[in-house]
Amino acid sequence: MTSDSKSVSSNSSGRASSGRATPVIEPTGDIVPTARSGDFVSFLKDVLSFTGDLSSMTCPSFLLNGISLLEYGAHWSDYPHVLAEITKATSSEERIKFVARWFVSTLYGSYNKRVAESNSGEKKPFNPILGEQFLASWDDAEYGETKFICEQVSHHPPVSAIYFENAKAGIYGSGHFSQKSKFKATTMKVVQEGRVTLRMKNSDEFYCLSLPDLNICSIMSGKPFLEMSSTTFIRSSKGYTAEFHWFTKPWLYGEYHKFDGKVYKDAAATFVQDSPAQKQLFTFKGKWVGESRVTDVATGEDSVLFDVQAQPSADIIIKPVGEQSEIESRRVWQKVSEALNSGNYDVASKEKTAIEEAQRALRKTRAETGEQWKPAMFHWVDDSSDEEAIRACYTYLYSAKESIGTGSWIYNNSPHLAEQSAAPSAYASGTQTPSDAFSTAPSSVL
C-alpha cells in the first residue's frame, strides 16, 4: 500500500490479484540505516527502561513505515470472495467453517505481508490522529464491490473502529482494535484489545470474534517480525465456537507461524476449556502464512482450509491523495510519508511533530470551550445495552478472553440497525451510507 491507487488486473479466475504470496519467516534486511545506528541503540535503551505502555513512546522517524495504523485494518477484506462465500453455507456447521476460513485469510496481510514484500524488518505505523479515516474498496468479478471504512474513534487510549461490507453478497461487519505493548526479555508483547461482529442478510446467525496477541521478535537485531500468540475465538449466536491456538517458535527447535484449533457446539453460557459438554465437529492445523487444513471429526475427511500461496489477494483500491478529504489517512500523513520515502528523516520528524502539535492545540481548545468530540461514522454500545444474543455471545467469550472488552464500536448505518429500526438519533453526525462515505468523508482542521 505504497502508492496513491492501484490499477486492477485480473487472473484466470477473474479476480483482482497482486500476485501469489511468498511468506517470509525471518527477514534479512535491516530496518536501521547505517548512519542512524547510534540513534537506534539509544532508542533501545529508552525502550528497555520504559515501564508503561510502549505505544506512548515517540518512535524515531527512520523506524516508521510510512502508512497509518488504520490501513492495517483493511486486511479484514484482503480476500473479498472468501468473505462473500460465507453466505453460500447452508448450515450452521458449514457456515462457521467458512467464517474460520475467512478469519485465517485475514492474517497473512495483517501480520506478515509487509515483511514478505520488502524482506526487511517490520516497521512502526503512524499513530492515527483523532477522527482520522481510511477508506478503501476491492472489486471481484463474481461478488462485485467490497467496501471498507476505518475511523480513529479515540486517541487516549488509541482505538480504531472498522466497518466492511459486500452489499451484493449481503455480508458485513463492525469492530474495533487497540494495542497495549511492553517489553519482556528481548521481545515486545502486544495485547490486542477489541472485537469484530460479522453479520449477513440471508441468515439470522451472527459471529463474534476476538483478536490474537502478538510477539514482535528480533528487535535488537534491527530485523523485527511478528509472531502470533495466545488463543482466539469465534462464537456464533447459535452456540458454535471456533477456537484457535497460535504458537510461537520454541527457542531451539520447531517452526514459525504454526497453529491448530477446533470447532465445536457448546450450549454453555460461559467458556470452559475442554469442557465435556463441547461436541467437537472439526479440527484445524497448519501455518497461517502458508497452508492450513481442516478435518471433519465425524468422517475423517481432510481438506484445505486456506492456502496463502494458492489464494491471491485482491488489489486494494484507494483514491489518489489529491481526491481525499483532509482527514483521510494518506492526506494527513502525505508530507511525512514523502520525506520517509526519500530518506529525509529529519524532515519527516519535523512534519510529524507539526501534526502532533496541531492535535495537541486542538485538544486544548476543545477542553477550554467544553466542546465534546464525537466520531463521524461510529458510536459506542455497551454490551448491557445491546441485543440479548450479542450479550450472550460476548459473555461466553469474555470468560476466555477479557481483551474483547464489554462493548462495541458500531457503524452508524450498519444494516442491522435499519432492520431493527433502532438507529440512534444521538449519532446524527453519521448520516453516511458506505457509498456516501467514499465521496463525502468529513474534513477537519489538522
Side-chain angles (χ1 to χ4, degrees), residues 1 55 67-77 106 110 125-138 146-166 172-179 192-199 209 211 316-319 321 323-334 355-356 358-359 362-363 366 371-382 405 407-418 423-424 426-446:
M1 298 185 199
S55 63
I67 64 174
S68 172
L69 179 64
L70 297 191
E71 295 203 25
Y72 287 28
H75 294 297
W76 286 95
S77 304
T106 70
S110 297
F126 301 132
N127 292 329
I129 65 172
L130 186 64
E132 182 181 327
Q133 299 171 5
F134 178 72
L135 313 174
S137 63
W138 300 257
T146 298
K147 292 189 173 182
F148 173 83
I149 298 168
C150 191
E151 181 178 12
Q152 190 72 3
V153 294
S154 174
H155 187 67
H156 293 297
V159 179
S160 308
I162 65 172
Y163 177 79
F164 51 89
E165 177 182 6
N166 184 294
Y172 57 97
S174 281
H176 65 274
F177 60 92
S178 181
Q179 293 87 24
Q192 293 206 105
E193 300 183 335
R195 55 171 70 176
V196 171
T197 304
L198 182 70
R199 301 173 184 265
L209 292 79
L211 307 177
I316 191 170
I317 302 169
I318 305 166
K319 288 189 301 185
V321 172
E323 298 176 16
Q324 295 183 11
S325 74
E326 294 177 5
I327 203 65
E328 289 184 63
S329 294
R330 294 196 175 183
R331 185 166 175 184
V332 170
W333 299 103
Q334 181 181 12
I355 293 172
E356 293 167 345
Q359 286 297 298
L362 189 55
R363 288 196 295 272
R366 286 175 180 148
E371 177 188 354
Q372 184 178 3
W373 182 86
K374 289 183 179 179
M377 294 188 287
F378 293 85
H379 64 276
W380 175 262
V381 176
D382 280 313
S408 302
W409 282 99
I410 297 175
Y411 180 59
N412 292 340
N413 289 78
S414 179
H416 81 281
L417 295 178
Y427 308 105
S429 62
T431 56
Q432 299 142 315
T433 65
S435 296
D436 292 338
F438 281 74
S439 57
T440 62
S443 297
S444 175
V445 177
L446 298 181

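Fair warning: this is a prediction, and the values are worked out from it, not measured in the lab. Throughout, numbering of the chain's residues begins at 1 and tracks the sequence.
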Verify side chain to side chain contact (heavy atoms under 4.5 Å, CB included) between I410 and H416, making sure each step is shown before the conclusion. CA-CA 10 Å; I410 297 175; H416 81 281; 3.8 Å; yes

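- The structure places OG1 of T146 at 10.0 Å from CD1 of I317, a figure rounded to the nearest 0.5 Å.
- Here the closest heavy-atom approach between residue A74 and residue W138 is recorded as O-CZ2, 3.4 Å.
- Between the OG atom of S414 and the CZ atom of F378 there is a distance of 9.5 Å, given to the nearest 0.5 Å.
- Applying the side-chain hydrogen bond (donor to acceptor under 3.5 Å, both in side chains) test to S329 and every residue at least two apart in sequence or in another chain returns E132.
- The side-chain heavy atoms of I162 and Y72, taken from C-beta on, include no pair separated by under 4.5 Å.
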I would like to know whether W373 and R366 meet side chain to side chain contact (heavy atoms under 4.5 Å, CB included); could you show each step before the answer? CA-CA 8 Å; W373 182 86; R366 286 175 180 148; 3.3 Å; yes

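- Considering every non-hydrogen atom in both P125 and L69, the closest pair reads CB-N, 3.7 Å.
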Test side chain to side chain contact (heavy atoms under 4.5 Å, CB included) on I318 and F148 and set out the steps. CA-CA 10 Å; I318 305 166; F148 173 83; over 6 Å; no

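- Applying the ring-ring contact (aromatic ring centres under 6.0 Å, His included) criterion to Y172, with sequence neighbours excluded, gives no partner residue.
- At least one side-chain heavy atom of I129 sits less than 4.5 Å from a side-chain heavy atom of W333.
- Of all non-hydrogen atoms in S325 and R331, the two that sit nearest each other are O-CD, 3.4 Å.
- We find the CD-CD distance between Q133 and E328 to be 6.5 Å, quoted to the nearest 0.5 Å.
- Taking each heavy atom of L130 and Q359 in turn, the nearest pair found is N-OE1, 3.8 Å.
- Between I149 and M377 there is a side-chain heavy-atom pair separated by less than 4.5 Å.
- Checked against side-chain hydrogen bond (donor to acceptor under 3.5 Å, both in side chains), Q192 has the following partners two or more places apart in sequence or in another chain: Y111, Q179.
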With side chain to side chain contact (heavy atoms under 4.5 Å, CB included) as the test, would you mind laying out the steps for Q334 and Q324 before giving the verdict? CA-CA 11 Å; Q334 181 181 12; Q324 295 183 11; over 6 Å; no

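- Note that NE2 of H75 is 14.0 Å distant from CZ of F164, once rounded to the nearest 0.5 Å.
- Considering all non-hydrogen atoms of both residues, E326 and V332 come closest at O-CG2, 3.3 Å.
- To the nearest 0.5 angstrom, K319 atom NZ is 10.0 Å from S137 atom OG.
- Not counting sequence neighbours, S174 has no partner by the side-chain hydrogen bond (donor to acceptor under 3.5 Å, both in side chains) test.
- The minimum heavy-atom distance between E193 and L211, with the atom names listed, is O-CD1, 3.7 Å.
- For the atom pair F177 CZ and S160 OG, the distance stands at 4.0 Å (nearest 0.5 Å).
- With sequence neighbours excluded, the residues satisfying ring-ring contact (aromatic ring centres under 6.0 Å, His included) with W76 are W102.
- P375 is listed as a side-chain neighbour of W409, based on a closest heavy-atom distance under 4.5 Å.
- Qualifying side-chain hydrogen bond (donor to acceptor under 3.5 Å, both in side chains) partners for S110, counting only residues two or more places apart in sequence or in other chains: none.
- Here the side chains of L417 and H379 are in contact, with some heavy-atom distance below 4.5 Å.
- In this structure E356 satisfies the salt bridge (Lys or Arg N to Asp or Glu O under 4.0 Å) test together with K352, sequence neighbours excluded.
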